[in-house]
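Contents: one structure, followed by commentary.
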Amino acid sequence: MSFLRRQESINRKPVVTSSVPAVSGGMYREVDDINKNPDIAIRIFCIFKGKVSKQHSHYRMQRIIKLCMLAGILVACNTSDKSTTKEAESTKETSVEGITEKNYDSYKDIATDEALIATALMAAPKESRANCKVIGYNMAGDFVTLREGDNQFIVLADNPKKDGFNAACYHKGLEPFMARGRALRQEGKSAREVFATREAEMKSGELKIPTGTTLHIYYGDKTIYDPETSEVADAKLRYVVYMPWATAESTGLPEVPVAANHPWIMNPGTHRAHIMISPINDENK
């Protein structure tokens with residue numbers, strides 16, 4: 001009897017359930033059934049472990065998803081930055097190409113007297129072009145007055161029989177000096193002989209160059225021009241200011257250029273002394 005009471009007491013002894021946490025309402029019922037079937041404890045533990053494990057797996061999966069999203073955002077930002085940089089570089093390269101490369105499809109040959117006049121006037125100051133007198137060789141090869149004018153400038157058109165392009169605009173006070181040079185060259189005089197003759201005539205007073213008068217030279221290697229603007233392809237301007245008998249000492253200018261576009265004095269101490277201002281080369285812009 002005592003054995004049976006002890007056994008009954010054992011059977012009635014409540015099962016400690018505090019070690020198994022209640023995860024859900026269904027889990028409570030499983031814990032209450034342990035006394036009816038001792039083997040169920042093992043199954044409940046396994047089920048509980050599986051569900052808890054699933055919850056941990058779900059939590060870990062959420063963390064992984066969040067990390068993947070964060071990584072994706074960082075990669076996207078990095079890619080965007082690189083794309084923006086690449087686009088900027090591409091734009092820069094296109095801009096540089098736009099500056100260095102010129103399209104001459106719309107340009108035409110200088111083949112008429114009208115084109116000779118239009119391109120020659122580019123040597124004159126813009127505000128003075130309308131009233132400049134234009135002289136020079138026409139397309140037939142004759143030296144003529146291509147257009148009359150009444151302001152202070154005379155424009156000498158390009159000689160179409162020579163290679164390249166070279167037009168000039170000078171103050172009308174220089175016309176006796178220029179005309180004398182043309183006449184001497186027409187006689188077959190060399191450059192040295194032309195210089196010596198005009199030097200002697202300047203010293204005697206027979207010829208005169210007004211101090212400070214200017215000469216603008218518009219020149220280039222190409223003989224094509226834009227009909228809309230009259231600009232000659234790649235042509236540049238060089239400026240001359242005549243200062244007869246001037247020297248480096250009297251002007252403070254060097255006798256050789258020291259930098260691009262820097263003024264210097266050429267033929268110092270002679271009748272043909274002048275301040276020269278050459279254009280800036282493209283690579284120095």
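Small disclaimer: the values here were computed from a predicted structure and weren't measured.
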Check your understanding: Excluding sequence neighbours, so at least two apart, what forms ring pair (Phe, Tyr, Trp, His ring centres under 6.0 Å) with His274?
Key ->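 Applying ring pair (Phe, Tyr, Trp, His ring centres under 6.0 Å) to His274 gives Tyr242.
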Point to revise | CD/Glu187: more than 12 non-hydrogen atoms of other groups inside 6.0 Å | key: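 Enclosed.
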Check your understanding: Do the numbers put Arg272 on top of the ring of Phe195, so that NZ or CZ is under 6.0 Å from the six-membered ring centre and no more than 45° off the axis?
Key -> no
Please tabulate, one pair per line, all N/O donor-acceptor pairs under 3.5 Å involving side-chain atoms of residues 158-168, not counting sequence neighbours.
unit_1, atom_1, unit_2, atom_2, d
Asp158, OD1, Asn166, N, 2.9
Asn159, OD1, Lys161, N, 3.0

**Study point:** Test log, rule side-chain contact (heavy atoms from CB on, under 4.5 Å), inputs Arg238 and Met276
**Key:** CA-CA 8 Å; Arg238 175 179 289 119; Met276 177 75 74; 3.2 Å; yes
Check your understanding: Between Tyr218 and Val232, is any pair of side-chain heavy atoms under 4.5 Å apart?
Key ->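 In short, these two side chains touch, coming nearer than 4.5 Å.
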Practice item. Please examine the side chains of Ile217 and Leu237, heavy atoms only from C-beta on, and report whether any two atoms are closer than 4.5 Å. Key: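 Heavy-atom side-chain distance check fails, nothing below 4.5 Å.
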Exercise for review: Would you mind listing the cluster partners of Ile224? Hydrophobic ones only (ILVMFWY), side-chain contacts under 4.5 Å, chaining allowed.
Suggested key: Tyr104, Tyr107
Practice item. Spell out, yes or no, whether Ile209 and Val241 are grouped together once hydrophobic residues are joined by side-chain heavy atoms under 4.5 Å, including indirect joins. Key: no
Check your understanding: Do Leu253 and Tyr239 belong together in a cluster built from hydrophobic side chains that touch within less than 4.5 Å?
Key ->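 In one cluster with Leu253: Tyr239, yes.
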Check your understanding: Is the backbone of Ala246 close enough, under 3.5 Å, to the side chain of Ser250 for a donor and an acceptor to pair up by distance?
Key -> no
Review point. When you check the side-chain N and O atoms of His271 and Glu199, is any donor under 3.5 Å from an acceptor?
Key: yes
Apply side-chain contact (heavy atoms from CB on, under 4.5 Å) to [X] and list each qualifying residue two or more places apart in sequence or on a separate chain.
X	result
Ala259	His262
Ala124	Arg129, Cys132, Val155, Cys169
Arg182	Ile135, Phe143, Tyr170, Glu175, Met178, Ala179, Arg185

